[in-house]
Structure formats: structure tokens, C-alpha cells
Amino acid sequence: MVLIRVDNLEKYYSNSGLLAVKNLHFTIERGEFVSIVGPFGCGKTSILNLIGGITDNYKGSIRINNESPSEARKKRKIGYCFQKPNLLPWLNVLDNVLLPQKIANIREDNGKAIELLKMVGLRDCQSMKPYNLSGGMQQLVSITRSLILDPEILLLDEPLSSIDEINRSKMQLKLLEIHKRTKKTTVMITHSINEAVFLSDKIIVLTPRPAKVKKIVNITFLQRNERTFFSKKFINYLKIIKKELKNGQNN
Amino acid sequence: MDKIIKTLFTLSTFFLIWYLTVTLLRIPSYIFPNPAEVFGAMYENSLTIYSNSLITLKEAFLGFLIANLISVSIALGIAFNKNIENTIMPFAITLKTIPIIALTPLLVVWFGPGEYSKTATAALICFFPSLVNVLRGVKSLDRDLVVFFKAYSLSKIQLIKMLIIPSILPYLFAALKISSSLAIVGALVGEFIGTNKGLGFLIISNYYTLNTPYVFASIIASSLIGIIFYYAIHLVEKRIITWTVTID
């Protein structure tokens with residue numbers, strides 16, 4: 001069942017007037033993990049901000065379960081996790097996780113927050129301040145916070161880009177586990193093709209700016225051991241996406 | 001304990017050098033009294049100095065409060081409407097360039113010779129440094145955090161309460177610390193004209209009679225209330241702001 005439908009989307013950058021996105025079409029099914037990859041500056045974050053209802057002023061259509069993105073945002077159907085964890089340094093981990101509930105004037109559900117922190121392995125850190133946590137842990141708190149309002153969609157804007165290689169692999173596993181457990185429709189922007197193939201059900205490859213869909217690659221790993229960086233299938237997907245990105249840049 | 005001993009040692013050395021210099025050079029008391037004379041004057045007039053210190057402190061505190069409330073309100077306004085900055089800053093800078101001593105007689109005319117004119121002097125002297133600091137805080141707001149809050153449809157009141165006020169607190173405390181000592185200076189300058197109360201009055205009236213030990217005693221008292229005021233703010237800051245990194 002289609003949850004997000006993007007049709008003929010066109011967006012100009014408000015400050016420079018440059019065309020960021022042109023004639024963009026794609027759909028995302030409920031429960032899917034979708035990654036958007038593309039060259040630097042091709043408008044990936046703009047697309048995510050449009051889907052999230054953070055930016056408007058676009059041509060074409062974006063529908064989230066037959067609602068506009070800003071309607072979906074106002075109904076708290078979207079959870080956000082940005083490149084930076086954006087935790088408030090004066091609040092402890094638990095209060096940071098509860099922040100969206102506080103903003104929404106919903107009774108703060110400590111039990112739920114603790115349950116989510118337990119899921120990401122940070123239950124013992126609930127009373128710590130963000131500066132006592134590593135970058136990866138801070139990003140996990142940020143992901144936990146994006147889940148507290150039980151959104152239908154999770155938007156992740158390069159959530160692992162500032163994390164070192166070793167911790168990044170652990171975080172990818174964590175993200176996969178979170179997706180399996182919560183079944184949230186997830187849209188992630190990433191520069192890492194490995195990461196995209198490892199996590200996604202579908203990868204949208206974009207052309208350089210103005211962004212158009214170059215190819216949509218469906219990822220299916222039938223066996224558990226196929227989802228490894230060394231499996232034939234995995235390497236094959238990498239090749240396809242790299243080729244598409246290269247073709248897009250050459251064009 | 002070690003710190004207290006070191007401080008006591010430094011202070012004792014200072015007073016000893018002062019005493020020996022004044023005594024050996026035979027400087028008359030009306031030009032530069034020795035520490036014993038100053039503390040003698042302080043002891044003899046302790047009640048008067050105490051009651052007048054409270055008056056100066058009250059005027060300084062009220063002026064400090066008014067100046068900081070106004071500067072925080074303006075800075076919050078600027079956070080939502082940049083035009084306010086263009087309107088207000090030229091006036092604020094002009095006000096800053098006028099020496100406070102030149103405005104004091106006018107303030108007495110406008111607010112009367114009582115405490116109001118002294119409070120106004122203290123407020124005027126505190127206003128600009130406070131505004132500049134708090135404004136710096138508002139301008140240093142983390143853009144990514146603003147976008148995050150926007151994503152969760154935060155109202156303006158929530159934005160002020162949950163993001164802007166906590167974010168500008170380190171800057172606000174810097175402003176409060178600077179203006180705490182300035183407020184005392186403002187109140188003292190205000191008391192130089194048209195009043196018979198406060199430490200400023202004690203300084204100026206004893207200066208006219210060349211009672212220099214009393215002048216020194218009043219200056220030390222004003223310095224002490226300035227230090228107490230500053231450290232009171234410092235203590236509150238340490239309790240509230242626990243998330244900034246300090247280099248030990």
C-alpha cells in the first residue's frame with residue numbers, strides 16, 4: 001500500500017533561485033525502508049524537507065496517505081532525525097527523548113521513552129547529559145526521540161555521516177533492528193552506497209541537480225547471509241547503483 | 001584551606017606595604033590614610049556605612065533588573081523581527097556614547113532627587129553592555145535546532161521558553177556579571193548629585209570635609225557590595241548552567 005506519493009515535483013531554492021528538483025516521481029510503500037542517494041548538492045535534503053513538511057513552496061504533488069506533508073507534520077505523523085543529533089544540552093537523555101511530547105502538549109510518557117531507550121541499548125544513560133555521550137550514542141538518542149510520538153514515517157537525513165567507520169557498522173545494525181521492530185516507513189538520505197544497500201528495501205538514485213530519478217533499485221535479500229558486504233548479491237547491487245550514479249554524472 | 005591561607009597572606013602583605021609606605025613617607029591622613037585609620041573610620045561609622053550600603057545596593061539592584069529585563073525583551077523581539085535591531089541599535093549606541101555623569105543632573109530633574117534617579121542612572125549604565133551580550137546569544141542560536149523545533153510545529157512561546165531562553169542563558173549570565181558591577185558604579189555616580197543618602201553621598205560629602213579615611217571606608221564598602229553582587233550571580237550561574245565546557 002502506497003504511503004508516500006511524489007508526482008511531478010519541482011522545487012527552486014528560495015535564496016539562490018536555482019532549480020533543485022525537477023519532474024520527480026516516486027512512491028514509497030508503507031513499512032518500506034527507502035534510501036535516497038545522489039551526488040553532493042543534488043537536492044536530497046530538499047526532497048526530505050519537502051516530504052517532512054519543513055519546507056513548502058513547491059510545484060507538483062506530495063501526498064502522505066492522501067494528506068499534504070504539512071498536514072501530516074501537524075498531525076505528528078512524521079519523525080525527524082537530522083545529520084546532527086540536535087539534542088538540547090541542558091536536558092538529560094530522557095527529557096530529550098520526551099521533548100516532542102512536551103512540544104505537542106501530550107502527557108509525557110516516561111515508560112514509553114524508557115522502553116525505546118532500552119530498544120536502542122541506552123536505558124542506563126537516561127539521566128546522563130548529551131555531552132557525556134559519544135556521537136553515535138547521541139544519534140541513537142535522536143532516533144529514539146523521533147520515535148516517541150509513534151510517527152507513521154521516519155525521516156533520516158544522513159544520520160550516520162558523522163560517525164566513525166567501526167561505530168557506523170554497529171549503528172547500521174541498530175537501525176536495521178529498529179526498523180524490523182517498529183516497521184516504520186523510513187526514508188533515509190545517505191552518501192554511503194554500502195549503507196543504503198545494507199539497510200534498504202528500495203534505493204532511489206538521483207541525477208545531479210536538478211534532481212530527477214535516475215533509477216529505482218529494489219533490494220531483496222532472500223537469505224540472511226546475503227545481507228553482508230561480501231555477498232555476491234550485495235556487491236552486485238553496489239555495482240548497479242555506482243553505475244547509475246556515474247552515468248548520471250556523465251550525462 | 002590552603003586557598004584561604006594564601007588569600008589572607010596576600011591581603012596581609014598588601015596592608016603591610018600600604019601601612020609602611022604611608023608611615024615611612026609621612027603622607028598626611030587627608031591625602032592618603034593608612035589602613036588602620038581607614039578601618040578605624042569604618043568601625044566608628046559602621047552603622048551609617050551599613051545602612052547607606054543597603055540603599056546603594058537597592059538602587060543598583062533595581063537599575064540592574066530594569067536594564068536586563070529591557071535588554072532581554074529587545075533581544076527576544078529581534079529574534080523574531082530583525083527590523084527592531086535596525087531601529088533600536090542606533091539609539092542604544094548613541095546613549096552609550098553619552099557619559100553617564102553628564103546625564104545624571106538631567107535624571108535628577110526628570111525623576112527627582114530620590115532613589116528613582118539613582119536607579120535610572122544604574123539602569124542606563126547597565127543597559128548597553130547587557131543588550132550587546134544578550135543579542136549575541138540570540139544571534140548564536142543553533143540553526144539546526146531551530147529547524148528541528150520547526151519540524152515539530154513549535155509555537156513562538158514554546159520556542160522562547162524551550163529553546164531561546166536556555167540557549168542564551170550563558171550570554172545572559174555574562175551580561176548579568178558585567179552589569180552587576182556597573183550597576184553599583186551607576187548608583188554611586190547618581191548619589192553624587194542631589195541626595196543625602198547612599199555610599200556615593202558619603203564619599204562626596206566626606207571628600208568636601210577632607211575626611212579621607214571615611215572616603216576610603218565608603219569606597220571599600222561599595223567595592224564589597226559589588227563583589228558580593230557579582231559572586232551571588234556567579235553562584236546562581238554555576239547552579240543553573242551545568243552544560244557548558246570549562247577548562248580547568
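Throughout, protein chains are lettered first and strands after them, A, B, ... in sequence-line order, and every chain is numbered starting at 1.
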For [X], is it the side chain, the backbone, both, or neither that has a heavy atom closer than 4.5 Å to a heavy atom of chain B?
X	result
A:Leu155	neither
A:Leu91	neither
A:Phe82	side chain
A:Lys74	both
A:Thr55	neither

Answer key: most heavy-atom pairs under 4.5 Å with chain A among B:Ser153, B:Pro166, B:Ser155 is B:Pro166
Next on the checklist: Taking the ring of A:His191 and the ring of A:Phe40, is the distance between their centroids below 6.0 Å?
Outcome noted: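 Judged by ring-centre distance (under 6.0 Å), A:Phe40 and A:His191 do meet the cut-off.
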Determine, using ring centers only, whether A:Tyr12 and A:Tyr58 are less than 6.0 Å apart. no
Tell me, for [X] versus chain A, whether the close heavy atoms (under 4.5 Å) come from the side chain, the backbone, both or neither.
X	value
B:Leu163	both
B:Ser167	both
B:Asp144	both

Could you tell me the separation between the CD1 atom of A:Ile4 and the CD1 atom of A:Ile51, rounded to the nearest 0.5 Å?
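So the gap between those two atoms works out to 5.5 Å.
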- prompt: Side chains of B:Asn68 and B:Ser130: do they bring a donor and an acceptor to under 3.5 Å?
  reply: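 Note: B:Asn68 and B:Ser130 side chains meet the donor-acceptor criterion.
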From the list A:Leu122, A:Leu117, A:Thr144, side chain to side chain contact (heavy atoms under 4.5 Å, CB included) with A:Val93 holds only for A:Leu117
Thinking salt bridges, do A:Arg30 and A:Glu152 make one under a 4.0 Å N-O criterion?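 Salt bridge flag = yes for A:Glu152 with A:Arg30.
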Item checked: Contact leader toward chain B among A:Asn132, A:Ile103, A:Ile54, where contacts are heavy-atom pairs under 4.5 Å ->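 Of the options given, most contacts go to A:Ile103.
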Quick check with a 6.0 Å cut-off and a 45 degree axis cone: is A:Arg145 positioned over the face of B:Phe148's six-membered ring? yes
